[in-house]
Number of protein chains: 2
Amino acid sequence: MKILVIEDEPALLESILAYFTGEGNICEHAADFASANEKISLYNYDCILLDLGLPGGEGLELLTKLKQLKKRDGVLIISARHSLDDKLAGLDLGADDYLVKPFHLSELKARVTAIIRRKNFDGNNVIVFNEITVDVSAMKVTVKGNLISLTKKEFDLLVYFLSNRNKVVTKNAMAEHLWGDEMDLSDDFDFIYTHVKNLRKKLLEAGAADYLRSVYGIGYKFGDI
Amino acid sequence: MKILVIEDEPALLESILAYFTGEGNICEHAADFASANEKISLYNYDCILLDLGLPGGEGLELLTKLKQLKKRDGVLIISARHSLDDKLAGLDLGADDYLVKPFHLSELKARVTAIIRRKNFDGNNVIVFNEITVDVSAMKVTVKGNLISLTKKEFDLLVYFLSNRNKVVTKNAMAEHLWGDEMDLSDDFDFIYTHVKNLRKKLLEAGAADYLRSVYGIGYKFGDI
DNA sequence: CTTCAATAACTAAAATTTTCATGGTAATAA
DNA sequence: TTATTACCATGAAAATTTTAGTTATTGAAG
């Protein structure tokens, strides 16, 4: 999953990033209002971790902005104890949850997972698409009931395709989702073809129908044939 | 196991903490209402030891709070003799057991163990998984009926795997469970591999099937092959 | 002092990701 | 139509990352 961490305290930022990256997520971060504002305007995230005490601006404005932009990123407010009012205001402005500092990283993870599941998978952790099922929390994929083994990139790719089923997804969007801002989008990331190929092959070999179509010059469409 | 000790008398708190930590549990503590309230809201514990005579608030409210939060932490009330009514009220509010001061630590431990067993293992103290059985209270593990000897970490690891069988558990989650929040989760704790390896080896040597799979980049999965 | 478990450090092995080379296919324009 | 170009598919090698396995050090318990 793709997560944006907006936090100005370096130590906390680092440990959050290390934790979520270690869990296999794509993480980006912003340490001040301006860069946070830019990130949320330009990109989409599965979940945004928002610390309200930001230098350079009022964190709550970011929530307003998200609403204006009609984005549907999940937002978890990380609040210092004294800013209870901000916290409640944040929920009013559309944040999905809040967490009071200090907290355990596992608690943070649990809440982030809950938000993502609610937003992306209607509260389920299993996506079903014809003969394909994907258990997001257990990282398990079955085709016609048989478990198949995917690498992380293949898995992420499949989840991304499935949460955008029947829609054309651009190569840029895929790259952005799977590699985050480490990826220079001016590069041509041919290696995405390799991952697509490998995923495709494993699905077909397991007996799935050929749901993945390439869209010349744009990207791919995964969905009903 | 993870235990929260809510107690304001320093001497008693210390001895309880020392005792349970010495038993190999992960312990946290709170000495007043506010911090207790925060802890129980944010985190989950296998068992909470709750002394009702707390500065800063009414301890029984914590039970109400737990119920509101739909938490299922075990709760053992540590009651001064005179507060019999509170004690009974506590049981009404969902506490699992009570213990009148003064008490022997061994008595306390026995009750805590009983609560945890009831909550986590459906009243059994034995987890059975194919040819592996784990007696949680006796810390005994058998494979095909033969007793094998595990160290504390190996044992905890096995119990953790078994209570998350067939699910991918991340290295972070394992670290959090086995070492609590003392562990800096932004470190890479390679030594966890050593414990995994030792556990794996002992199980295999005792004739168990190879139930433990590593999940590249994420962690491990213990379960049916 | 000895022993054993926990941790650390390091090397080897394995798995994954990326790069590279090549051939094919679709769009575009002369 | 055909040449040209950009794009996609594939196989395999290379690079990187992650895990396994060894051995050494620390620290506590007996």
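We name chains A, B, ... by the order of the sequence lines, and we start the count at 1 in each one. On a predicted model such as this, the values are computed, not experimentally measured, just so you know.
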Report summary line: Letter by letter from the 5' end, nucleotides 5-15 of chain D scores (B base, S sugar-phosphate only, - none; protein heavy atoms under 4.0 Å) -BSBSBB----

Report task. Sugar-phosphate means primed atoms, P, OP1 and OP2; the rest is base. With that split, encode nucleotides 25-30 of chain D 5' to 3' as B, S or - using protein heavy atoms under 4.0 Å. Result -> ------

Without decimals, in angstroms, what is the distance between [X] [atom1] and [N] [atom2]?
X      : N      : atom1 : atom2 : result
A:I192 : C:dT18 : CD1   : P     : 10 Å
B:H195 : C:dA9  : NE2   : C1'   : 14 Å
B:E205 : D:dG21 : CD    : P     : 12 Å
A:E23  : D:dT18 : CD    : P     : 13 Å
B:L150 : C:dA6  : CG    : P     : 10 Å

Query raised in the report: Can you tell me if the side-chain N/O atoms of A:W179 get under 4.0 Å from OP1 or OP2 in C:dT17?
Result: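 For A:W179, the contact criterion (side-chain N or O under 4.0 Å from OP1 or OP2 of C:dT17) is not met.
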
**Report entry** Identified side-chain hydrogen bond (donor to acceptor under 3.5 Å, both in side chains) counterpart of A:E154 within the set A:K201, A:H195, A:K202
**Finding:**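 Between A:E154 and the candidates, side-chain hydrogen bond (donor to acceptor under 3.5 Å, both in side chains) is satisfied uniquely by A:K202.
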
Query - Among C:dA6, C:dT19, C:dT7, the one nearest B:T151 by side-chain distance - result: C:dA6

Query - Main-chain N/O of B:L76 paired with B:D96 side-chain donor or acceptor, under 3.5 Å - result: no

Query raised in the report: Can you tell me if A:E9 uses its side chain to pair, donor with acceptor, with the backbone of A:A11 under 3.5 Å?
Result: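 The answer is no, because no donor-acceptor pair under 3.5 Å joins these two groups.
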
Report task. Taking all heavy atoms of B:L158 and all of B:L203, pick out the closest pair and write down the distance. Result ->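 Closest heavy-atom pair between B:L158 and B:L203: CD1-CD1, 4.2 Å.
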
**Report entry** Shortest non-hydrogen contact between B:K109 and B:F20, atoms and distance
**Finding:** CA-CZ, 3.9 Å

If you look only at distance, which donor and acceptor atoms sit under 3.5 Å apart when one is on a side chain in residues 213-225 of chain A and the other is two or more places apart or in another chain?
from   : atom 1 : to     : atom 2 : distance (Å)
A:R213 : NH2    : A:D210 : O      : 3.4
A:R213 : NH2    : A:D210 : OD2    : 3.3
A:D224 : OD2    : A:N166 : ND2    : 3.1

Query raised in the report: Which comes earlier along DNA chain C counting from the 5' end, the contact point of A:E154 or that of B:N198, where each point is its nearest nucleotide?
Result: B:N198

Query raised in the report: More than 12 heavy atoms of other residues, nucleotides or ligands under 6.0 Å from OH of B:Y98: is that the case?
Result: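 12 or below, so no.
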
Report task. Establish, yes or no, whether a centroid distance under 6.0 Å links the rings of B:F161 and B:Y211. Result -> no

